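First the structure, in the form of structure tokens, and then the observations on it.
If you're wondering where the values come from, they're calculated on a predicted model, not measured in any experiment.
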Amino acid sequence: MTNARWVGAGLVALSATSFGAMAIFARVAYAGGADVTAVLFLRFAIAGVAMAALTLATRRRWPSRRNGTVLALMGGVGYVAQSMCFFSALRFASAGLVALLLYLYPFLVALIGVAFLGERLTHRRSLAMGAALVGTALTLGEGLGGSGIGVALGVATAVIYSIYIVAGSRVLAAEDALASSTVVMLAAALVFGGLVLATGPRFPAGPAAWMACVAIALVSTAVAMATFFAGIQRLGAADAATLSTLEPVVTFILAAVFLGEAVSLGQIIGGAIVLGAVIALARDGAGSAQSGSGSTRSR
């Protein structure tokens with residue numbers, strides 16, 4: 001396995017850890033009076049401004065007009081649509097089922113790559129993705145019930161996210177990861193800003209809730225997105241997507257440590273399976289050349 005591939009795996013693991021912490025921060029924000037629309041707006045607005053400042057300070061090259069348009073659509077349409085489908089699905093299905101359906105995206109990304117980008121799906125990579133999905137199901141625990149509408153919205157979330165990742169991988173082949181992430185964040189912030197003006201959401205009422213929103217923006221968005229995009233550039237979309245299944249493992253560990261939530265034997269076994277799949281995939285150099293050349297990604 002090449003050094004670039006190990007670095008890519010580490011970047012995606014950092015991204016998954018940062019994303020996984022978002023549920024903990026969100027609990028604090030909601031307990032402090034904020035609602036979903038307010039949290040999403042603050043998430044993308046703060047992250048976008050911080051990343052823009054860093055991009056300017058480090059004199060990164062901004063994306064070309066064509067790729068910038070694609071990135072803006074990814075943020076303003078793709079990210080917003082995925083978020084709306086995800087939160088709408090939670091009204092008709094359990095959180096566990098919705099999250100599990102979302103984690104169909106590594107398979108969908110791989111299938112899109114095989115069908116449209118000429119990528120090769122090796123036997124080991126297929127087994128790793130299957131094991132990761134089984135481990136994710138165990139990690140999320142029981143209570144995977146829901147209506148047909150909930151299932152449809154959950155699948156739509158995974159499909160939109162898969163298209164988002166593949167589109168991002170094509171753009172990232174020629175653009176800087178930080179600058180690209182910044183465009184996505186600012187576009188999403190603009191759309192959610194419009195929703196804020198239209199709906200009049202509830203913003204955080206206390207310092208703890210505000211700090212949680214800032215943490216969501218800087219840790220679970222800015223760091224998470226930039227490292228995922230950088231990981232995609234080194235691994236390719238399908239492998240980065242599979243490695244990101246570490247996210248629910250991180251979430252249940254942090255929930256147990258900081259929120260005192262119980263951890264079942266099934267979750268421990270599921271977490272171990274996901275970690276095993278991630279290690280196996282990280283060690284698999286097969287297909288890394290074609291995944292890394294001309295195809296990069298984003299979470």
Legend entry - Partner set under side-chain contact (heavy atoms from CB on, under 4.5 Å) for Thr199, not counting sequence neighbours: Thr37, Pro201
Inset, instruction - Given side chain to side chain contact (heavy atoms under 4.5 Å, CB included), test Phe19 with Met225 step by step and report yes or no. - result: CA-CA 9 Å; Phe19 274 126; Met225 284 294 299; 3.9 Å; yes
Inset, instruction - Establish whether Leu172 and Val77 are linked, either directly or via other cluster members, by ILVMFWY side-chain heavy-atom contacts under 4.5 Å. - result: no
Inset, instruction - Answer yes if Met22 and Val36 sit in the same cluster of Ile, Leu, Val, Met, Phe, Trp and Tyr residues linked by side chain heavy atoms under 4.5 Å apart, and no otherwise. - result: yes
Inset, instruction - Only counting residues at least two apart or in another chain, list the ones meeting ring-ring contact (aromatic ring centres under 6.0 Å, His included) with Phe41. - result: none
Legend entry - Counterpart residues, side-chain contact (heavy atoms from CB on, under 4.5 Å), relative to Thr227 (two or more places apart): Leu11, Leu14, Ser15, Val223
Legend entry - Shortest non-hydrogen separation from Gly150 to Ala89 and the atoms involved: O-CB, 3.9 Å
Inset, instruction - Quick one: list whatever passes side-chain contact (heavy atoms from CB on, under 4.5 Å) with Ala209, sequence neighbours left out. - result: Pro204
Inset, instruction - Write out all pairs satisfying ring pair (Phe, Tyr, Trp, His ring centres under 6.0 Å) with one or both partners inside residues 167-219, taking only residues at least two apart or from two chains. - result: Phe44-Phe192
Legend entry - Non-hydrogen atoms of Ser162 and Leu108 that approach each other most closely: OG-CB, 3.1 Å
Legend entry - Val257 reachable from Ile268 in the ILVMFWY side-chain graph, under 4.5 Å edges: yes
Legend entry - Euclidean distance, Leu218 CG relative to Met51 CE, rounded to 0.5 Å: 10.0 Å
Inset, instruction - Please name all residues satisfying salt bridge (Lys or Arg N to Asp or Glu O under 4.0 Å) with Arg202, sequence neighbours left out, ordered by chain then number. - result: none
Legend entry - Over all atoms of both residues, closest heavy-atom pair of Gly270 and Leu138: CA-CB, 3.6 Å
Inset, instruction - To the nearest 0.5 Å, tell me how far Leu195 CG sits from Met84 CE. - result: 6.5 Å
Inset, instruction - Apply the test side chain to side chain contact (heavy atoms under 4.5 Å, CB included) to residues Trp62 and Val183: give CA-CA distance (whole Å), side-chain angles for both, the deciding distance (0.1 Å), then the verdict. - result: CA-CA 9 Å; Trp62 289 97; Val183 174; 4.2 Å; yes
Legend entry - Which residues share a side-chain contact (heavy atoms from CB on, under 4.5 Å) with Leu54, sequence neighbours left out: Thr58, Leu178
Inset, instruction - List for me each residue that meets side chain to side chain donor-acceptor pair (under 3.5 Å) alongside Thr55, sequence neighbours excluded, and say none if there are none. - result: Thr182
Legend entry - Check: Ala230 main-chain N/O paired with Arg234 side-chain donor or acceptor under 3.5 Å: yes
Inset, instruction - For residues Ala34 and Val39, report the shortest heavy-atom separation together with the two atoms involved. - result: CB-CG2, 3.8 Å
Legend entry - Distance-minimising heavy-atom pair for Ala9 and Leu235: N-CD1, 3.7 Å
Legend entry - Distance (rounded to the nearest 0.5 Å) between Ser181 OG and Phe229 CZ: 4.5 Å
Inset, instruction - Nearest 0.5 Å please: distance from the CG atom of Leu153 over to the OG1 atom of Thr157. - result: 6.5 Å
Inset, instruction - Determine whether Ile46 and Val214 make a side-chain contact, defined as any pair of heavy atoms from C-beta on separated by less than 4.5 Å. - result: yes
Legend entry - Euclidean distance, Ile165 CD1 relative to Gln82 CD, rounded to 0.5 Å: 8.5 Å
Inset, instruction - Kindly work out whether a path of hydrophobic side-chain contacts (I/L/V/M/F/W/Y, heavy atoms less than 4.5 Å apart) joins Leu56 to Met185. - result: yes
Legend entry - Shortest non-hydrogen contact between Arg61 and Asp176, atoms and distance: O-CB, 3.9 Å
Inset, instruction - Starting from the C-alpha separation in whole Å, work towards a yes-or-no answer on side chain to side chain contact (heavy atoms under 4.5 Å, CB included) for Leu133 and Thr245. - result: CA-CA 8 Å; Leu133 183 62; Thr245 54; over 6 Å; no
Legend entry - Criterion side chain to side chain contact (heavy atoms under 4.5 Å, CB included) on Leu246 and Thr17, from CA distance to verdict: CA-CA 7 Å; Leu246 277 171; Thr17 301; over 6 Å; no
Pair up each side-chain donor or acceptor in residues 63-75 with any protein partner under 3.5 Å, not counting sequence neighbours, and list the distances.
| unit_1 | atom_1 | unit_2 | atom_2 | d |
| --- | --- | --- | --- | --- |
| Ser64 | OG | Asn67 | N | 3.3 |
| Ser64 | OG | Glu175 | OE2 | 3.4 |
| Asn67 | ND2 | Glu175 | OE2 | 2.8 |
| Thr69 | OG1 | Arg65 | O | 2.8 |

Inset, instruction - Determine whether Phe25 and Met211 make a side-chain contact, defined as any pair of heavy atoms from C-beta on separated by less than 4.5 Å. - result: no
Inset, instruction - Find out if a path of hydrophobic residues (ILVMFWY) with successive side-chain heavy-atom gaps under 4.5 Å connects Val80 to Tyr164. - result: yes
Legend entry - For Ile160, the rest of its hydrophobic cluster, which grows through side-chain links under 4.5 angstrom: none
Legend entry - Partners passing side chain to side chain donor-acceptor pair (under 3.5 Å) against Thr221 (at least two apart in sequence or in another chain): Arg43
